[in-house]
Amino acid sequence: MIEFHLDSRSGVSPYLQIVHQVRHALRLGLLREGDQLPTVKDVVSSLAINPNTVLKAYKELEHGGLVAARPGVGTFVTKGLTSAPLVALGPLRQDLQRWLAKARRAGLDDESIEALFIDCFRSDSEEDVA
Amino acid sequence: MTAVLTANGLGKRYGRRWALENCTLEIPAGQVVGLVGPNGAGKTTLMHLAVGLLTPTTGSIEVLGGRPAESPAQLGRVGFVAQETPVYESMSVADHLRFGDWLNPTWDQQVADRRIDQLGLDRSQKAGKLSGGQRAQLALTLAIAKRPELLILDEPVASLDPLARREFLQSLMEVVAEQQVSVVLSSHLVSDLERVCDYLVVLVASHVQLTGGIENLLAAHVRLTGPRSGLETLPPSLQIIEASHTDRQSTLIARVDEPILDPAWLVERINLEDLVLAYMRQIQPDASARPHLVEAHR
């Protein structure tokens, strides 16, 4: 079982934070196929959030095929999320390093690089969600 | 979708002063509605009109399809917790429950007992000896044990410390999860409402300034930062809620329906607090009636 937390300063809507936390736990193997997610009531009473928010998050996860609701019992993980195989990481890392070198040559400092990366990453993941 | 509350041109005047003016609203059912606004904006007046403690000067209000307090049945369908969560100081917790049972035909003793046990309240304790948080919880228990379809709470957490505040909102959300009740609660603090509400009504200086589902509202508003000279490149449909300028830069909070194409403008999401504050700061036609609000704006 995992526990959710909310960061109200992040600007990310609460339901998306829950979705992200479930996906994160799946990716890290903290949640596996067959595991139960906290019940809506548990989440509501531990976080003092609107039940609709939790339902919306679970529905979104269900829509993505990661979990399934069993009426009257709870919501269960139906599919694990493993990160890309380690073999893929090496080349990706090289690409990123090359890109970083390029950004530095273009005169970007650390802060600008980070801002640019996060900005791109955000707009990309927003499209993903929408 | 059915509405739990519909107001049409609703107004309430005290002498020469309008506490609420020309309020037209439709609040959908099954939502937790946050009613926000500065102190004196008309929140309590609107709630008192909704429960029938006040009658309108102009216009009309319907709650759950009926006139507020028109019949005992109508009274039973709406639970109300007034400001400061009042209880009878000299009466014990058990007396409060008996009183609630006696006054409410739809009283559910099981709901009341379960909550009192959960809260660990001593039934023989006089309500005057309870902590602020416990008093608020007792008032909430009385309001929900009558099994209302709509629960109206006037600043329920305003006087509570942060822990009691969180506990109260937890209880309230548990009730929403268990009983499918619609909720309208007021606060002058947005942070209280951020997690619990899915619908927002902003009241400023006796007028409804903004209403809508919170997610839709947040998706429709952005903060724009760009060159002061760049204002004319923004789409004409853009609705500026708040603008501040330095000699070179402009920062806007605006409602946008179409993408901002000019790359000179940085577009950022805003949070609920930014959104509400922007609407609260909008200068009112009768701003003279609220001098402290105008001052805060400077």
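Model, not experiment: these values are computed from the prediction. Residue numbers begin at 1 in each chain, while the letters A, B, ... track the order of the sequences.
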Return the option, out of A/Val40, A/Thr53, A/Ile49, with the maximum number of heavy-atom pairs under 4.5 Å with chain B. A/Ile49
Hey, are B/Ser171 and B/Gln137 close enough side-chain-wise for a donor-acceptor pair under 3.5 Å? yes
Considering only heavy atoms, which portion of B/Arg269 lies under 4.5 Å from any heavy atom of chain A: side chain, backbone, both, or neither? side chain
Set out, in order, the CA-CA distance, both residues' side-chain angles and the distance that settles side chain to side chain donor-acceptor pair (under 3.5 Å) for B/Ser186 and B/Asp154, then state yes or no. CA-CA 5 Å; B/Ser186 68; B/Asp154 193 357; 2.9 Å; yes
I'd like to verify something: which residue of B/Asp198, B/Ile214, B/Leu272, B/Leu172 has the highest number of heavy-atom pairs under 4.5 Å with chain A? B/Asp198
Do you know which of B/Glu268, B/Gln170, B/Glu167 has the most heavy-atom pairs with chain A at a distance under 4.5 angstrom? B/Gln170
If we count only N and O atoms by modelled type, under 3.5 Å, do the side chains of B/His221 and B/Tyr279 hold a donor and an acceptor together? yes
Honestly, the part of A/Leu55 sitting under 4.5 Å from a heavy atom of chain B is neither
What's the separation between atom OG1 in B/Thr141 and atom CG in B/Leu97, rounded to the nearest 0.5 Å? 7.5 Å
Before accepting this row, confirm whether a basic side-chain N of the pair B/Arg114/B/Asp117 lies closer than 4.0 Å to the acidic partner's carboxylate O. no
